[in-house]
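The sequence lines fix the lettering, A, B, ..., with proteins before strands; numbering per chain opens at 1.
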Number of protein chains: 2
Amino acid sequence: MSRTVPKRASIHDVARAAGVSAATVSKVLRGISTVKSANVDKVRSAVDALGYRMDPLAAGLRQSRRRILGLIVPDLESEFFGRIAARVELLAEQADYSLSIASSHEAEEREERLVERMHVLKVAGTLLAPVRSERGAGAQRMKALGMTGALVDRVMSDDVYDTVGVDNAGASAQVAQLLAEKQHRHVLLIGLNEVSRNVRARASAFTQEAKNIAPNMRVDTLMIDERMDSSRGVLANYLDNHRPTAVFSLFQKGTLLALSEFRRRGIQCPQHVSLVGFDDAEWMRVTYPSVTAVVQPIDRLADLAFTRLLDRVEGQSGASVSQLEPCALSLRESLVASRPAAPDQVGRMSQQA
Amino acid sequence: MSRTVPKRASIHDVARAAGVSAATVSKVLRGISTVKSANVDKVRSAVDALGYRMDPLAAGLRQSRRRILGLIVPDLESEFFGRIAARVELLAEQADYSLSIASSHEAEEREERLVERMHVLKVAGTLLAPVRSERGAGAQRMKALGMTGALVDRVMSDDVYDTVGVDNAGASAQVAQLLAEKQHRHVLLIGLNEVSRNVRARASAFTQEAKNIAPNMRVDTLMIDERMDSSRGVLANYLDNHRPTAVFSLFQKGTLLALSEFRRRGIQCPQHVSLVGFDDAEWMRVTYPSVTAVVQPIDRLADLAFTRLLDRVEGQSGASVSQLEPCALSLRESLVASRPAAPDQVGRMSQQA
DNA sequence: CTGAAAGCGCTAACAG
DNA sequence: CTGTTAGCGCTTTCAG
């Protein structure tokens with residue numbers, strides 16, 4: 001395979017071929033200052049002739065400033081972080097940095113090890129999308145190691161690092177307002193038993209806002225598990241005994257779960273119960289009913305976070321800043337006004353209620 | 001930020017602290033051969049005391065064999081390649097390589113540039129999931145540069161690189177058999193106008209198999225566009241004029257599109273038309289109806305491909321091998337037996353048919 | 001078994 | 001404007 005290939009040309013080979021010194025070649029390659037244009041040409045053609053490309057790692061070794069950025073996300077399978085990664089990759093490229101992407105697989109311990117690896121790699125800066133929050137293991141380790149970086153998503157604000165997050169509270173409050181307006185007075189929140197700060201922020205903001213604007217709204221909260229199978233039982237059990245007029249799922253898989261459980265039990269959505277999901281997905285437009293969802297500004301998040309990181313890497317100092325980006329709400333069929341409870345409609349449920 | 005941090009310890013600092021030479025430290029760190037155990041201990045504690053971690057990039061510079069692997073995927077947003085990336089990341093780690101992930105954003109030109117970048121990075125090997133196929137720009141460039149590598153997905157077999165793909169043809173033929181069994185005699189294939197080889201392979205295998213086992217089956221093929229909006233019109237137009245008893249979508253977004261178009265026009269699935277999709281997704285279990293889908297063995301693909309790559313990187317030579325992994329079929333509500341056509345059922349369509 | 005010396009490919013600093 | 005020299009942090013001889 002690569003066995004037969006001649007060793008790749010080094011800067012000295014180019015220098016020799018061009019009849020100049022390695023230092024001159026280096027200067028030409030980096031477009032530096034004043035090199036006699038005759039020499040520039042000689043170098044250029046030698047480079048072409050040999051197909052030479054400088055080794056950025058060797059260059060970084062000498063410069064002691066590596067043009068590498070690190071990105072750590074909780075997972076790569078979800079569209080959310082996939083898009084973050086894709087976008088940051090592009091931006092890093094434009095800024096002439098290479099990017100090292102890693103996934104913590106939603107494990108804080110792994111996140112911490114990845115932070116350490118970025119440090120060992122001597123990256124110029126690390127963009128961390130933490131498993132938990134700015135107080136999680138990864139961010140703390142970054143601080144302890146004195147690393148340059150920024151934090152994105154699942155994050156509110158930090159004393160050291162710039163943070164860019166989604167306005168979970170604002171969006172959830174907006175959903176609360178909407179449900180109140182539509183006369184919903186019994187809402188089920190589907191949350192997630194997880195370290196992530198996002199879901200908790202969504203739950204408490206909703207509850208808070210509901211208390212303020214519709215004190216008579218009953219809000220139940222179900223914290224379920226990541227494992228869909230056991231969670232199904234929890235939700236099923238709740239629905240056996242209660243009949244909310246609306247369900248607000250605080251994360252994407254919860255929305256899937258709710259929809260599927262509605263179908264299994266013949267609960268008509270939106271006639272019997274309305275549904276709103278936090279975090280939009282393409283499939284939510286084609287389900288029946290299509291699902292009203294909170295749309296997160298993913299690309300914007302990536303852009304802002306990258307900009308913050310780059311600023312820090314390029315030496316901008318000053319107090320850390322926090323940004324919270326607003327979400328949009330995509331209204332679809334799954335949300336309708338609540339009809340006054342028809343007592344016998346509840347009778348359709350199993351008896352032990 | 002990182003301004004106040006003392007420079008990180010180098011191998012010489014450790015050597016000095018341990019009272020040995022840098023060479024000895026290097027040997028200890030790599031667990032090499034025979035070092036007096038007294039010295040091993042001294043080095044170990046010096047390492048701990050200084051929090052020293054060796055710089056893998058500097059090490060690679062001298063060794064001229066970098067422990068870096070490259071991964072190039074067409075996108076990072078889809079669950080398919082997201083999972084591939086996540087899995088390969090883990091495997092690379094286990095094999096003690098670091099991984100450089102890049103996305104070609106479905107563009108061959110970019111793919112080629114990324115291949116070149118991997119070459120410049122002097123990676124030990126590159127795993128390429130090509131935009132097009134083994135004959136696309138990226139793979140060709142890899143050959144021209146004499147790079148070590150392997151190819152995964154959208155690929156059949158290659159004279160230079162090992163390939164690991166999905167048995168698109170087998171799965172599609174199986175779908176053809178199933179539809180034939182269920183008495184479907186008019187099937188619409190939804191394909192994609194794209195350079196990717198997968199969709200074409202699926203289409204032709206289906207058509208072929210249909211011809212063999214059910215010569216009287218009519219198979220129409222609609223090649224639509226990546227841009228959903230314009231595609232919707234193409235599909236709508238077809239459905240205005242034809243009424244297949246089953247639709248087989250050859251890619252995930254096509255399935256979404258079909259489902260949504262059925263709903264828009266009040267075509268009942270599966271009563272009026274059955275639906276099968278190539279490439280499964282979690283949401284397909286909660287739509288109404290739930291969607292029968294071909295499930296690709298994603299993790300297995302990643303595992304096999306990585307193993308092939310690692311073998312090559314570690315010097316295994318010999319003729320290139322090709323593997324084609326079988327898919328599973330997940331039967332759900334969207335597929336039912338075709339009823340003999342009820343003529344007046346067609347009358348429900350708009351008049352100009 | 002160990003360490004001094006020579007580099008991997010590149011760039012910074014300075015003398016010419 | 002250009003070349004020489006001296007390393008970046010590490011590993012590899014190879015003589016002790």
With sugar-phosphate meaning primed atoms plus P, OP1 and OP2, does Ala59(B) contact a base, only sugar-phosphate, or nothing at under 4.0 Å between heavy atoms? sugar-phosphate
Measure the distance from CG on Leu50(A) to P on dG9(C) and round it to the nearest whole Å. 14 Å
Whole angstrom value for the distance that separates P of dC8(D) from CE of Met54(B): 17 Å
Picking from dG9(D), dT11(D), dT4(D), the nucleotide nearest the side-chain atoms of Gln63(B) would be dT11(D)
Could you check Leu61(B) against Ala23(B) and say which one's nearest nucleotide on DNA chain D is further toward the 5' end? Leu61(B)
Please work out if Ser10(B) contacts a base, only the sugar-phosphate, or nothing of the nucleic acid, heavy-atom cut-off 4.0 Å. sugar-phosphate
Check this one for me: any side-chain N or O of Ser26(A) less than 4.0 Å away from OP1 or OP2 of dC10(C)? no
In whole angstroms, how far is the C1' atom of dC10(C) from the CG atom of Leu57(B)? 13 Å
Ion pair present between Glu106(B) and Arg132(B), side-chain N to carboxylate O less than 4.0 angstrom? no
For Ala22(B) and Arg53(A), find the nucleotide of DNA chain C closest to each by heavy atoms; which residue's nucleotide sits nearer the 5' end? Ala22(B)
Inspect the contact between Asp13(A) and Arg16(A) and indicate whether a charged nitrogen and a carboxylate oxygen are less than 4.0 angstrom apart. yes
Please report the interatomic distance CZ(Phe81(B)) to CD(Glu77(A)), rounded to the nearest 0.5 Å. 14.0 Å
Going by side-chain contact (heavy atoms from CB on, under 4.5 Å), Ser104(A) matches just one of Leu114(A), Leu128(A), Val73(A). Which one? Leu114(A)
Phosphate oxygens OP1/OP2 of dG3(C): is one of them under 4.0 Å from a side-chain N or O of Thr24(B)? yes
May I ask you to verify whether the side chain of Lys27(B) and the base of dG3(C) hold a donor-acceptor pair under 3.5 Å? yes
Within the structure, does a side-chain N or O atom of Arg62(A) lie under 4.0 Å from either OP1 or OP2 of dA13(C)? no
Minimum-distance nucleotide (side-chain atoms of Ser21(A) versus dT2(C), dT4(D), dC10(C)): dT4(D)
If each of Gly19(B) and Ala58(B) is mapped to the nucleotide of DNA chain C with the nearest heavy atom, which maps nearer the 5' terminus, i.e. the 5' end? Gly19(B)
Does Glu314(A), at its CD atom, have more than 12 non-hydrogen atoms belonging to other residues, nucleotides or ligands within less than 6.0 Å? yes
How many Å lie between CG on Leu29(B) and C1' on dC10(D), as a whole number? 11 Å
